[in-house]
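What follows is a single structure, written as structure tokens, with notes after it.
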Amino acid sequence: MNTEPDFREVRGVRLFDGMLDPAAQAAMVADIRALARTAPFLVPVTRRGQEMSVRMTSAGTFGWIPDRRGYRYERRHPSGVEWPPIPPSVLAVWRAVAPDARSPESCLVNWYAPGARMGMHQDRDEGDFDQPVVSISLGDDALFRIGNEARGGRTESVWLRSGDVMVLGGEARLLHHGVDRIAPGTSTLLEAPGRINLTLRVVTGQSPMEQQPE
DNA sequence: AAGTACCT
DNA sequence: GGTT
């Protein structure tokens, strides 16, 4: 990992290209494999009951759970086990790109097989929008689309490659975004074609009064 | 609509 | 890429 990471910006979204070298990427994949044995990947379901094309699990104090009852953060995997801890290698990325932020409370792990997509959406299930969202790309290239705070309107697309890190913070925190396409075979990091994305978030509000009880 | 399909 |  670079000590003084450089970045470019698209609509205020910070893109740290090639921040993780191949060895760091491989180590992170091993960490994810291990945590998925404790907290297996799930088939997420939208509010309207439709299965999403990605597969999801989480690490940290909270995991993101979408189902017919709505979208929320929970302290346990549906199996009843606590989410495994966020790997130190992943926490180090957060610290490098968001040194002034609170510690991340959730690491969402999204697995995109070829053909999987993520519709345009905002990350707004968290309690403190002053805290950034940090995304780490592993495996095949992904075509990522950045929109606006309001739904609809003009968008811009960027290709995310394995080892890239992205920060949605500040004015860009509530921009709509999504994944249009995975390009199979563009990386040899994973055993199977596809992409793994890690998304780090602070979940709870800033005030101690807002902290969620067990 | 963290979808899908369809339009330009 | 934009709208639904």
Side-chain angles (χ1 to χ4, degrees), chain A residues 9-15 32 35-36 39-78 83 86 90 104-129 131-160 164-169 171-183 194-204 212:
Chain A
E9 283 195 355
V10 176
R11 297 192 174 193
V13 175
R14 292 188 172 191
L15 298 161
I32 294 158
L35 78 83
F41 281 93
L42 301 162
V43 180
V45 174
T46 66
R47 298 172 205 269
R48 295 158 93 108
Q50 299 171 6
E51 289 187 356
M52 300 184 198
S53 53
V54 302
R55 298 296 175 258
M56 287 184 178
T57 188
S58 290
T61 307
F62 298 94
W64 190 68
I65 296 292
D67 61 26
R68 299 117 294 222
R69 297 170 39 211
Y71 304 154
R72 63 201 178 275
Y73 287 94
E74 296 205 340
R75 289 181 177 270
R76 292 174 186 273
H77 188 278
W83 303 103
I86 300 174
V90 177
E105 297 168 313
S106 179
C107 175
L108 180 62
V109 183
N110 285 330
W111 177 55
Y112 295 77
R117 303 185 306 275
M118 179 72 74
M120 294 290 283
H121 68 279
Q122 288 174 299
D123 287 22
R124 55 177 315 149
D125 298 322
E126 301 77 31
D128 185 357
F129 295 146
Q131 302 303 312
V133 173
V134 173
S135 158
I136 302 171
S137 294
L138 298 168
D140 285 333
D141 298 353
L143 186 57
F144 185 85
R145 199 202 286 225
I146 302 168
N148 310 286
E149 285 207 12
R151 197 165 161 271
R154 296 191 176 208
T155 61
E156 289 180 70
S157 294
V158 293
W159 281 98
L160 299 179
D164 289 353
V165 176
M166 179 171 62
V167 178
L168 286 84
E171 298 298 301
R173 174 62 178 77
L174 290 172
L175 294 184
H176 280 78
H177 56 277
V179 174
D180 286 337
R181 188 151 68 91
I182 302 299
R195 168 178 186 254
I196 289 172
N197 181 64
L198 308 179
T199 318
L200 294 157
R201 298 180 179 85
V202 174
V203 170
T204 59
Q212 301 180 25

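Order of the sequence lines sets the chain letters (A, B, ...), proteins ahead of strands, with each chain counted from 1.
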Open item on the list: Does a side-chain N or O of A/Ser53 approach OP1 or OP2 of B/dG3 to a distance below 4.0 Å, or not?
Closed with: no
TODO: Measure from CZ on A/Arg68 to C1' on B/dG3 and round the result to the nearest Å.
DONE: 16 Å
Task: Pair A/Glu156 + A/Arg11: basic N to acidic O under 4.0 Å - done: yes
TODO: Return the value, rounded to whole Å, for the distance between atom CG of A/Asp180 and atom C1' of C/dG1.
DONE: 9 Å
Task: Phosphate contact (B/dA2 OP1 or OP2) by A/Arg117 side-chain N/O below 4.0 Å - done: no
Open item on the list: Whole angstroms only, please: what is the OH-P distance between A/Tyr71 and B/dG3?
Closed with: 7 Å
Open item on the list: Over all strands shown, is A/Arg201 touching base, sugar-phosphate only, or nothing at heavy-atom distances under 4.0 angstrom?
Closed with: base
- [ ] State the pairing partner of C/dT4; accept Watson-Crick or G-U wobble contacts with both distances under 3.5 Å, and report none otherwise.
- [x] none
Task: Nucleotide nearest A/Thr155 when distance is taken to its side chain, options B/dA2, B/dA1, C/dG1 - done: C/dG1
TODO: Starting from C1' on B/dG3, measure out to CG on A/Asp67 and report it in whole angstrom.
DONE: 16 Å
Open item on the list: Measure CD/A/Glu51 against P/B/dT4 and give the value in whole Å, please.
Closed with: 10 Å
- [ ] Please work out which of the three classes, parallel, tilted or perpendicular, describes the rings of A/Tyr71 and A/Trp64, given edges at 30° and 60°.
- [x] tilted
Task: Under-4.0 Å salt bridge between A/Asp123 and A/Arg201 - done: yes
Task: Atom-to-atom span, CH2 of A/Trp159 to P of C/dG1 - whole angstrom - done: 11 Å
- [ ] Using atom CG of A/Leu143 as one end and atom C1' of C/dG1 as the other, report the distance to the nearest whole Å.
- [x] 11 Å
Open item on the list: From the set B/dG3, C/dG1, B/dA2, return the single nucleotide nearest to any side-chain atom of A/Gln50.
Closed with: B/dG3
Open item on the list: Nearest whole Å is fine: how far is C/dG1 C1' from A/Glu156 CD?
Closed with: 12 Å
Open item on the list: Looking only at the side chain of A/Thr46 (C-beta and beyond, no hydrogens), which of the listed nucleotides B/dA2, B/dG3, C/dG2 gets closest?
Closed with: B/dG3
Open item on the list: Would you measure the distance from the C1' atom in B/dA5 across to the matching atom in B/dA1 and give it in whole Å?
Closed with: 14 Å
TODO: Looking only at side-chain atoms of A/Met56, point me to the closest of B/dA2, B/dA1, C/dG1.
DONE: B/dA2
Task: Ring centers of A/His177, A/His121 separated by less than 6.0 Å - done: yes
Task: Cation over ring face, A/Arg195 and A/Tyr112, 6.0 Å, 45° - done: yes
- [ ] Indicate whether the side chain of A/Ser157 and that of A/Arg145 have a donor and an acceptor atom separated by less than 3.5 Å.
- [x] no
Task: Proximity to the side chain of A/Arg151 - top-ranked nucleotide from C/dG1, B/dA1, B/dA2 - done: B/dA1
Open item on the list: So, under a plain 3.5 Å distance rule, would you say the side chain of A/Arg47 forms a donor-acceptor pair with the base of B/dA1?
Closed with: no
TODO: Remember a base hit wins even if backbone is also touched, and classify A/Gly178 as base, sugar-phosphate or nothing at under 4.0 Å, heavy atoms.
DONE: nothing
- [ ] Provide the Watson-Crick or G-U wobble partner of B/dA2, both distances under 3.5 Å; none if there is no partner.
- [x] none
TODO: Would you mind classifying the nucleic acid contact of A/Met118 as base, sugar-phosphate or nothing, using non-hydrogen atoms under 4.0 angstrom?
DONE: base
